[in-house]
Amino acid sequence: MKLNKIRENIYKISRDDYPEMNVPAFLYASDMMIEDIQNDQSLTQLKNAAMLPGIANGVYAMPDIHYGYGLPIGGVLPVFADKGVITPGGVGFDINCGVRLITFDINKSELKNPESLVKHLYKKIPCGVGEGGNIKLSNKEMKKLLQEGSKWAVNSGYGNESDLYNTESFGCLSEADPSQVSKRAMERGSDQCGTLGSGNHFLEIGSVDKIFDKKTANFWGLEEGKLTLMIHSGSRGLGHQICTDFLKVFERTLEKYKISVPDKQLSCAPVDSDESRKYFSAMACAANFAWANRQILMNLAVSAVADYFKVKAENLNYRLIYDVAHNIVKKEFFDLKSKNCEIYVHRKGATRALPPGHKDLPEHLKKSGQPVIIPGDMGRYSYILSGVKNAPELSFNSACHGAGRVLSRKKAVKTAGDRNIAIELKDKNIYVMSRGKKTLKEEMPDAYKDVANVVDVVHNLKIAEKTARIKPICVIKG
DNA sequence: ATGTAC
């Protein structure tokens with residue numbers, strides 16, 4: 001792909017070089033990352049996305065870009081409500097995959113036996129491919145959950161109402177319509193609320209290891225040396241099934257709306273079409289399911305931590321810093337050429353990052369900007385950043401979402417050979433337990449880029465600025 | 001990511 005470097009950390013794929021594009025594509029990455037990025041087909045996917053109709057300004061790729069279904073992971077696709085298209089490939093299979101971060105008023109030094117804590121967590125958190133949990137929902141109750149998201153979880157006894165104010169969109173997309181969710185999707189989801197999943201999903205106890213921005217950290221209640229809980233999970237089989245169901249629908253709509261796409265995986269329909277409305281309503285259900293899921297997982301993990309410290313869960317002082325999605329399409333408003341425009345922003349492996357003062361932030365976060373949670377790998381660290389001033393213009397309020405792989409899962413397993421990743425991590429005082437036999441090899445630290453380099457790109461561009469770094473202590477995986 | 005194929 002022909003890339004033009006327009007300034008430090010910004011590369012452009014230009015319409016002068018590829019006239020088939022309707023808008024330019026922008027890649028945010030450092031010089032040293034370019035070679036790896038050029039090695040897969042992700043930039044071709046980005047260029048293909050720029051050929052869709054009705055895009056606002058451009059398409060964008062974050063430094064953790066890699067190959068995905070349709071739009072690359074790490075891609076942002078903003079479209080005008082009145083002339084753009086919705087594409088399920090712009091969201092991906094794991095609808096509202098996202099991350100949540102919690103802090104405890106407990107010092108790292110008080111955690112004397114992390115090996116025991118990881119066992120407590122592993123026992124309490126259902127995880128693994130296809131695994132169900134302890135909550136079985138009737139059809140009626142499922143419908144309620146899909147409409148209400150996090151609020152359903154709070155009303156069902158999982159957490160506090162204040163948690164909603166520390167969740168993106170208050171943990172609910174109001175467009176959710178359960179009648180657009182297939183029976184099969186409902187069935188797959190009905191016993192999976194409160195389950196972690198597998199692959200790169202994880203639940204981790206860590207500690208704040210470094211503060212970059214003291215003011216923002218203080219404001220949010222992040223203190224060096226305190227224990228944290230991070231949860232990375234999504235909408236499980238429900239979201240997967242919804243995506244599968246609608247991909248079939250959208251492949252058939254191309255002819256109907258006379259849209260030509262360079263890649264069937266970018267099948268789409270006008271925003272204002274029956275198909276897009278139905279997809280959006282079903283996608284919103286999956287998003288709400290994922291928020292309820294993480295809300296419940298948080299409560300299960302908090303009770304495991306309480307068990308370990310031999311205190312009652314209600315006496316354990318914890319605080320939800322934020323919960324943010326990184327696979328979603330949302331209706332948002334942006335000032336473009338001094339006109340307020342309704343935009344549907346597809347974020348796929350991209351985290352929303354609202355700058356200070358944004359109207360969608362709750363009052364208590366207006367001053368700091370939105371917390372942007374960026375998980376790394378299980379052997380190094382994760383970051384929390386705050387949305388800053390260049391986010392609207394550079395990326396429609398979006399930042400990176402993680403480290404990004406350097407080795408495919410298959411390659412990682414092969415490279416790991418007969419290494420014992422759990423023992424290697426234990427030597428670094430990180431205690432991991434995993435249900436899947438291959439998971440730890442697939443997810444070993446060497447399979448990922450150093451997230452510090454990824455985060456530095458968005459930090460230097462002033463899309464989101466570094467607030468704190470978190471180091472893992474106990475990790476459970478599916 | 002995912003009852004890793006309907």
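FYI, side chains are in, hydrogens and waters are out, and symmetry mates aren't considered; it's all heavy atoms of this structure. Chain naming here is simple, since letters A, B, ... match the order of the sequence lines and numbering starts at 1 in each.
Residue A:His240 contributes atom NE2, which lies 9 Å from atom P of B:dT4 at whole-angstrom precision. With rounding to whole Å, A:Gln241 atom CD is found 9 Å from B:dC6 atom P. Atom C1' of nucleotide B:dT2 and atom CZ of A:Arg236 are separated by 9 Å, given to the nearest angstrom. In this entry the distance linking OH of A:Tyr69 with C1' of B:dT4 reads 16 Å, nearest Å. Going from atom NE2 of A:His201 over to atom P of B:dT4 covers 16 Å, rounded to whole Å.
Between A:Thr244 and B:dT2, a side-chain N or O to OP1/OP2 separation shorter than 4.0 Å is absent.
Not counting sequence neighbours, the partners of A:His232 by the ring-ring contact (aromatic ring centres under 6.0 Å, His included) test are A:His201, A:Phe202, A:His326.
Judged by closest nucleotide on DNA chain B, A:Lys477 is the one of A:Lys477 and A:Lys248 placed further toward the 5' end.
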I'd like a table of donor-acceptor pairs (distance under 3.5 Å, sequence neighbours excluded) in which one partner is a side-chain atom from residues 40-52 of chain A, with atom names and distances.
| unit_1 | atom_1 | unit_2 | atom_2 | d |
| --- | --- | --- | --- | --- |
| A:Asp40 | OD1 | A:Ser42 | N | 2.9 |
| A:Asp40 | OD1 | A:Ser42 | OG | 2.5 |
| A:Asp40 | OD2 | A:Tyr67 | N | 3.2 |
| A:Gln41 | OE1 | A:Thr44 | OG1 | 3.4 |
| A:Gln45 | OE1 | A:Gly68 | N | 3.1 |
| A:Gln45 | NE2 | A:Gly68 | O | 2.6 |
| A:Gln45 | NE2 | A:Gly70 | O | 3.4 |
| A:Lys47 | NZ | A:Glu20 | OE2 | 3.1 |
| A:Asn48 | ND2 | A:Thr44 | O | 3.4 |

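Using a 4.0 Å heavy-atom criterion, one finds that A:Gln192 contacts the sugar-phosphate atoms exclusively. When heavy atoms are screened at a 4.0 angstrom cut-off, A:Gly237 is found touching the sugar-phosphate backbone but no base atom.
You'll find the side chain of A:Ile205 reaches within 4.5 Å of the side chain of A:Phe104, heavy atoms only.
One finds no salt bridge joining A:Glu115 and A:Lys119 here, because no Lys/Arg side-chain nitrogen approaches an Asp/Glu carboxylate oxygen to under 4.0 Å.
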